[in-house]
Amino acid sequence: GLMRAFLIAGLAALAVSACTPVEEQGALSEGCDARATATWNTLADPNASIEAIATGPDCARAIATLIIRNGSGSPIYSETHQPSQVMNLAQASTPAAMQTALQEWIDPAGNTTIQTSSALPEWPTNADGPQNGEFPFYPAEGQTRESYNQVRDANVPIYCYVQGMESLNCLALQNGALESVGVQIFPG
């Protein structure tokens, strides 16, 4: 039984020493892992969902990924951002604060300005872009007045999310795919 006792003591010592460095690392930095999900209820796809995942060694150096999935769970859009560059996320310095910030960031109810593409600002015939007064709307790269108006006339669901310090990226859900229609500037 002596040999067995040594073996157990040795294994126990090994297990303890294997745990210590991990615990010390954890004390230095708790990391910044946070996740939020929301349902995006549209007539086109009532079970679509929006997810946000933040990860990093700490919240100052985290990245945040926005993922939109259709009702069957397949991703139809994803974009990665640096939280320090996104108004809603920039102040989050703990995982708990980041989780709250992510939840607010993806909340479809927070997108009250444009819910369907028919609510997009009008793009007059001879103008360079849509006319929207003090909150300019810039069409996405590659959008022409014709393609923009097609999306507008289609009256499809729109999801806008804060993508910077003073702008929203607005996505149109058409034929099961999400495509950026343009960027809405809001007062900084």
Side-chain angles (χ1 to χ4, degrees), residues 34-55 59 62-70 75-92 97-124 127-188:
R35 173 185 288 252
T37 56
T39 302
W40 182 29
N41 231 328
T42 67
L43 289 172
D45 191 344
N47 297 312
S49 66
I50 302 158
E51 253 175 274
I53 301 164
T55 184
C59 291
I63 58 158
T65 304
L66 178 92
I67 303 157
I68 301 175
R69 296 178 185 278
N70 64 21
I76 53 173
Y77 181 85
S78 71
E79 191 69 56
T80 299
H81 294 272
Q82 289 188 337
S84 61
Q85 308 298 310
V86 177
M87 191 188 72
N88 312 48
L89 309 178
Q91 301 306 315
M98 183 62 78
Q99 207 257 318
T100 302
L102 291 174
Q103 199 66 60
E104 287 170 7
W105 185 42
I106 63 171
D107 184 3
N111 160 28
T112 48
T113 47
I114 304 168
Q115 302 231 322
T116 61
S117 59
S118 61
L120 288 164
E122 198 175 336
W123 187 339
D128 291 341
Q131 301 302 295
N132 203 39
E134 57 186 309
F135 309 125
F137 189 94
Y138 298 103
E141 211 174 307
Q143 283 278 11
T144 62
R145 181 173 177 271
E146 188 183 27
S147 67
Y148 177 88
N149 281 331
Q150 280 173 347
V151 173
R152 213 170 155 250
D153 295 342
N155 195 23
V156 295
I158 293 278
Y159 176 74
C160 299
Y161 70 94
V162 178
Q163 61 144 27
M165 284 308 187
E166 50 193 39
S167 62
L168 297 166
N169 185 14
C170 292
L171 309 169
L173 178 62
Q174 255 187 319
N175 308 318
L178 274 170
E179 192 182 343
S180 179
V181 190
V183 171
Q184 167 85 52
I185 304 300
F186 57 81

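All heavy atoms count here, side chains included; hydrogens, waters and symmetry mates do not. All values reported here derive from a predicted model rather than from experimental measurement.
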**OP:** Please name the pair of heavy atoms, one in A44 and one in P157, separated by the smallest distance, quoted to 0.1 Å.
**Re:** CB-CG, 3.9 Å
**OP:** Determine, step by step, whether I76 and D45 satisfy the side chain to side chain contact (heavy atoms under 4.5 Å, CB included) criterion, reporting the C-alpha distance in whole Å, the side-chain angles of both residues, the deciding distance to 0.1 Å, and the verdict.
**Re:** CA-CA 12 Å; I76 53 173; D45 191 344; 5.8 Å; no
Subject >> Nearest-0.5 Å distance that lies between atom OG1 in T42 and atom CG in N47 >> reply: 9.0 Å
**OP:** Assess whether side chain to side chain contact (heavy atoms under 4.5 Å, CB included) is satisfied between Q163 and H81, documenting all intermediate values.
**Re:** CA-CA 8 Å; Q163 61 144 27; H81 294 272; 3.9 Å; yes
Original post:
More than 12 foreign heavy atoms under 6.0 Å from CG of D153: is that the case here?
Top reply: yes
**OP:** Return the minimal non-hydrogen interatomic distance between L120 and F137, and the atom names on each side.
**Re:** CD2-CZ, 3.6 Å
Subject >> Residue pair R152 / P121: nearest heavy atoms and the distance that separates them >> reply: NE-O, 3.6 Å
Original post:
Hey, does the side chain of Q143 reach the backbone of Y148 with a donor-acceptor pair shorter than 3.5 angstrom?
Top reply: yes
Original post:
Can you tell me how far the CZ atom of F135 sits from the CG atom of L168, to the nearest 0.5 Å?
Top reply: 11.0 Å
**OP:** Determine, step by step, whether V162 and L89 satisfy the side chain to side chain contact (heavy atoms under 4.5 Å, CB included) criterion, reporting the C-alpha distance in whole Å, the side-chain angles of both residues, the deciding distance to 0.1 Å, and the verdict.
**Re:** CA-CA 10 Å; V162 178; L89 309 178; over 6 Å; no
**OP:** Ignoring hydrogens and angles, tell me if any N or O in the side chain of Y159 forms a donor-acceptor pair with the backbone of I106 under 3.5 Å.
**Re:** yes
Original post:
Does S117 reach the main-chain N or O of V151 with its side chain, forming a donor-acceptor pair under 3.5 Å?
Top reply: yes
Subject >> Those residues that, when tested against R69, pass side-chain hydrogen bond (donor to acceptor under 3.5 Å, both in side chains) (two or more places apart) >> reply: E51
**OP:** First locate atom OG of S84, then atom CD of Q91, and finally report the distance between them rounded to the nearest 0.5 Å.
**Re:** 10.5 Å
Original post:
Can you find a pair of side-chain heavy atoms, one from S49 and one from T37, that are under 4.5 Å apart?
Top reply: no
Original post:
Roughly how far, to the nearest 0.5 Å, is the CG atom of N70 from the OH atom of Y77?
Top reply: 16.0 Å
**OP:** Answer whether the closest heavy-atom distance between the side chains of V86 and Y161 falls below 4.5 Å.
**Re:** no
**OP:** Could you list all the salt bridge (Lys or Arg N to Asp or Glu O under 4.0 Å) pairs where at least one residue sits in residues 79-91, not counting sequence neighbours?
**Re:** none
**OP:** Taking the side chain as every heavy atom from C-beta outward, state whether I68 and L171 have any atom pair closer than 4.5 Å.
**Re:** yes
Subject >> Heavy-atom closest contact (T39 atom, P108 atom, distance) >> reply: O-CG, 3.4 Å
Subject >> Enclosure of Q103 CD (heavy-atom neighbours >12, cutoff 6.0 Å) >> reply: yes
Original post:
Do the side chains of C160 and Q184 get nearer than 4.5 Å, heavy atoms only?
Top reply: no
**OP:** Measure the CD-CD1 distance between Q99 and I53 for me, rounded to the nearest 0.5 Å.
**Re:** 12.0 Å
**OP:** Output, in order, the C-alpha distance, side-chain angles, deciding distance and verdict of side chain to side chain contact (heavy atoms under 4.5 Å, CB included) for N169 and S180.
**Re:** CA-CA 7 Å; N169 185 14; S180 179; 2.7 Å; yes
Subject >> Q85 side chain to M165 backbone, donor-acceptor under 3.5 Å >> reply: no
Original post:
For atom CZ of R35, is the number of surrounding heavy atoms from other residues, nucleotides or ligands below 6.0 Å larger than 12?
Top reply: no
Original post:
Which heavy atom in S167 sits nearest to a heavy atom in F186, and how many Å separate them?
Top reply: N-CE2, 3.3 Å
Subject >> Heavy-atom pair of closest approach, residues W105 and A64 >> reply: CZ3-CB, 4.1 Å
